[in-house]
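Note that the structure is predicted; figures quoted are calculated from it, not measured.
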Amino acid sequence: MSEAQPSGGFRTLLPFLFSRSHRAGAIDELIRSVKAQHPKADTGLIQRAYIMAEEAHRGQYRKSGEPYITHPVAVAQILADLGIGPITVAAALLHDTVEDTTYTLEQCRADFGDEIAMLVDGVTKLDKLKYGQSAQAETVRKMVVAMSKDIRVLVIKLADRLHNARTWGFVSGESAQRKARETIEIYAPLAHRLGIQTIKVELEDLSFAVLQPKVYLEIKNLVDARAPERERYLDDVVSALSEDMKASRIRGRIAGRPKQYYSIYTKMQVRGHDFADIYDLVGVRVIVPSVRDCYAVLGAIHARWQPMPGRLKDYIATPKFNLYQSLHTTVIGPRGHHVEIQIRTEEMHRRAEFGVAAHWKYKQGGSGGGGQMSSTDMAWLQHINDWQEETTDPGEFLDSLRFEIGAKELYVFTPKGKVIGLPAGATPIDFAYAVHTEVGHRTMGGKVNGRLVPLDTKLTTGDVVEVLTSKNPDAGPSQDWLSFVTSPRARSKIKQWFQRERRDEAVEVGKEAIAKAMRRHDLPLQKLMGRDAFAQVAAQLKHEDVTGLYAAVGEGHVSTQSVLEKVVAIIRAEEATGDDAPEPMIPSRPQRPASSASGVLVRGADDILVKLSKCCTPVPGDDIVGFVTRGQGVSVHQRSCPNVQGLLAEPERMIEVEWGAVSKGLFLVNIQVEALDRSALLSDITRVLSEHHVNILSASVHTGTDRLAISRFSFEMGDVTHLDNVLNAVRRIDGVYDVYRITAG
């Protein structure tokens, strides 16, 4: 890859700058590291980047008292040790210049080219925000977007965080705690996802030492105390393995795996083991030339020692999300102790230690420059970028990110043999959404290994999964799915679907409610609907547009009465000034009796208590009559209510009532649902009622010997014009053959 040359102005400084020999000596080790991994690399780019960074940061010091330039040099050294090439190393040297000095991004682009400027800009944007909850979410969101475009931005940020973590002793305890928590929750798991174990392990241990200093020291002391005994046992295991490999004529090397303090701690916490149980579990790594040798060594090991059931993992045939490959097995070794053994090739080992850095070096011709990963290699990264665009709540975004990057993986197959990676605990619904959003929405059943299974079935690695989809174009997900899906993508898509469905329905309900209210007020519907008065009301109530206003009315957040009052006020103001129409738009209306809180008008009475009777639960639109009670105001019944016949015996107490123009308040509604009895029927009915925003007060269910279920529900509604929608939704539930409102009894 061609490197950018410095501009003429910058080039004139080179002789003077290079004459200062101490500067050249400061990056000798860095250049040697880059040359060792990339013999043909142009290290002049790194020298120029160092000179510019040293000049820009001159006079700045870190809290440790060291010159600031030591930090970018250390970050660049971490990347060079990973085997990353000169372009990224140069960007690491310059990564703080744009943020912390007078050196501008335009100057960087002129001096070093677009590619390095892009990397510097990406890292700079990640550092500009302070870390509160929402600010942290926004910063990490920017990181996700940046790394989806070029993964090197994240790799530089990880190296930057690692060097800062090494110097947490020079910052306040509170700041160190906050950064350590963030590191162990976000940055260390991201390093793991990229497969860079060297960074991941050190970040975890450094964070652990800050967050749990006493526990950290205790585990460290225990490890140090038992090290000699463990080393002697490890020598016995290595000696036996060496003999077997020699007998099988397999070349390779064997080494003990170092124990990580944080790993020991998490196993004690999660698995409930004592320290002795964990630490005595010896870990050995065998590195051989070829994949064939890996399986040959596995056979030799199992021939010598008894393997433990269920502890063989073949990550060679099925790599992890982060490209990790190895054979894992646990055997009962000498003296009955368990031994964990990893078997891999040299290339697999480089990838396990250095992750994407190894990918760039050994798969892209050694340039170490490219930052683009194939969709197959980093599908998880694209998934993260997809759902971060759809998640607006900062808390939900961070929680989902922590889950996504920290969750264990499982691998399942499509019927055609394609591998799909999912988080542990995933179900056929998670699988469906991983295939495609529309497949997820239309899922109606699932098969695992050829057998029909419930949709909440937990998948395991190696399962062949097939989803059955509905041909109905209006098919959609179930609210119940949110209780068992595990992947952020599936959860986000399901929530998004329901938000869209509810809004569309609310818009129609709100629009119809306003139209009905206008007709009751004798307002000129066509003329008013065509004017901008509704847009003005929407703006007054802080809605984006008229559609948003309709949705608010449909969801019960704004009353139709309030909307009409504001519309009428606007139109009358326009008519008074003559701005819009010469003729009156709002006809005068006769005085109507005042409405009570129940929305009922009482003829000839003002400020009187009115209550809706519970025997027949009248709602707006019903034919009603009023009865003057003794000390409790007017009781309102449906005219068809059986109790009305008894009230007619006292005609002097009957009073004329009618529904107000825009009835307000909560109305009690009773419905009866008749269905074929089945499992989860009651759950499905209550779910649909809840989705339609009704407040269920009581429910009763009776199932006869004929397997017919009769259910009665009482609930409150703020807008009874929405009742038909509710009944239609219940009627669509599987097994329901009739649903209707109970008006008496």
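- Residues S483 and D480 bring no donor and acceptor atom of their side chains to less than 3.5 Å of each other.
- D430 places a side-chain N or O within donor-acceptor distance of the main-chain N or O of S487, the cut-off being under 3.5 Å.
- Judged as a side chain to side chain donor-acceptor pair (under 3.5 Å), the pairs with a partner in residues 431-440 (not counting sequence neighbours) are, in order, Y433-H441, T437-R489.
- When all heavy atoms are compared, the tightest approach of Y295 to D314 is OH-OD2, 2.9 Å.
- For the atom pair T183 OG1 and L211 CG, the distance stands at 8.5 Å (nearest 0.5 Å).
- Side-chain atoms of R491 come within 3.5 Å of backbone N or O of V485 as a donor-acceptor pair.
- Separation of the F208 and Y265 ring centroids falls under the 6.0 Å cut-off.
- Checked by atom type and distance alone, the side chain of Y233 pairs as donor or acceptor with a backbone atom of P334 at under 3.5 Å.
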Apply side-chain contact (heavy atoms from CB on, under 4.5 Å) to residues L455 and T427 and explain how you reach the verdict.
CA-CA 7 Å; L455 290 176; T427 65; over 6 Å; no

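- One N or O on the side chain of S690 and one on the backbone of T686 form a donor-acceptor pair closer than 3.5 Å.
- Rounding to the nearest 0.5 angstrom, the gap separating the CD atom in E202 from the CZ atom in R161 is 13.5 Å.
- A donor-acceptor pair shorter than 3.5 Å can be found between the side chains of Q342 and R285.
- The 12-atom threshold is exceeded at CZ of R304, counting heavy atoms of other residues, nucleotides or ligands nearer than 6.0 Å.
- Residues M308 and I332 have side chains in contact (heavy-atom distance under 4.5 Å, counting atoms from C-beta outward).
- The closest side-chain heavy-atom distance from M245 to V288 is below 4.5 Å.
- Few gaps surround NZ on K458; more than 12 heavy atoms of other groups in view lie less than 6.0 Å from it.
- Note that the CZ atom of R687 and the CD atom of Q479 stand 7.5 Å from one another [nearest 0.5 Å].
- Of all heavy-atom pairs spanning A300 and D244, the tightest one is O-OD2, 4.1 Å.
- Between the side chain of S263 and the backbone N or O of Q260, no donor-acceptor pair lies under 3.5 Å.
- Taking the side chain as every heavy atom from C-beta outward, T330 and I341 never approach each other to under 4.5 Å.
- A80 approaches V34 most closely through the heavy-atom pair CB-CG2, 3.9 Å.
- Without hydrogens or angle criteria, T457 side chain to V453 main chain gives no donor-acceptor distance under 3.5 Å.
- The shortest non-hydrogen separation linking A729 to H692 is CB-CE1, 3.3 Å.
- Taking the side chain as every heavy atom from C-beta outward, R442 and K471 never approach each other to under 4.5 Å.
- Between V155 and L79 the shortest side-chain heavy-atom distance falls below 4.5 Å.
- Between the H192 side chain and the A188 main chain, no donor and acceptor come within less than 3.5 Å of each other.
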Salt bridge (charged side-chain N to carboxylate O under 4.0 Å, His left out) between R351 and E346, intermediate numbers included:
CA-CA 9 Å; R351 181 176 290 167; E346 286 284 357; over 6 Å; no

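- Rounding to the nearest 0.5 angstrom, the gap separating the CG atom in D205 from the OH atom in Y261 is 7.5 Å.
- Judged purely by atom type and a 3.5 angstrom limit, D463 uses its side chain to pair as donor or acceptor with the backbone of T460.
- Within the 4.5 Å cutoff, the side chain of E340 has heavy atoms near those of the R311 side chain.
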Full working for side-chain contact (heavy atoms from CB on, under 4.5 Å) between V331 and H338:
CA-CA 6 Å; V331 298; H338 295 169; over 6 Å; no

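- The stretch residues 325-336 participates, sequence neighbours left out, in these salt bridge (charged side-chain N to carboxylate O under 4.0 Å, His left out) pairs: D236-R335.
- In this structure, the separation between CD1 on I287 and OG on S326 is 8.5 Å, given to the nearest 0.5 Å.
- The main-chain N or O of I250 is never found under 3.5 Å from a side-chain atom of D293 such that the two would form a donor-acceptor pair.
- Under the 3.5 Å distance criterion, the side-chain polar atoms of H38 are matched with a main-chain donor or acceptor of G83.
- The CD atom of E466 lies 8.5 Å from the CZ atom of F431; values are rounded to the nearest 0.5 Å.
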Should L158 and L162 be marked as a side-chain contact (heavy atoms from CB on, under 4.5 Å) after you check the CA-CA gap, both sets of side-chain angles, and the distance that decides it?
CA-CA 6 Å; L158 289 174; L162 177 56; over 6 Å; no

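- No side-chain donor-acceptor contact under 3.5 Å links Y187 and D160.
- When all heavy atoms are compared, the tightest approach of A41 to P86 is CB-CG, 3.9 Å.
- Between I264 and V223 there is a side-chain heavy-atom pair separated by less than 4.5 Å.
- Summarising the geometry of P428 relative to V467, their closest heavy-atom pair is O-CG1, 3.8 Å, with the distance given to 0.1 Å.
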How far apart are the C-alpha atoms of V201 and Y262, what are their side-chain angles, what is the distance that settles it, and do they pass the side-chain contact (heavy atoms from CB on, under 4.5 Å) test?
CA-CA 8 Å; V201 167; Y262 182 68; over 6 Å; no

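- In this structure the side chain of K246 never reaches within 4.5 angstrom of the side chain of E243, judged on heavy atoms.
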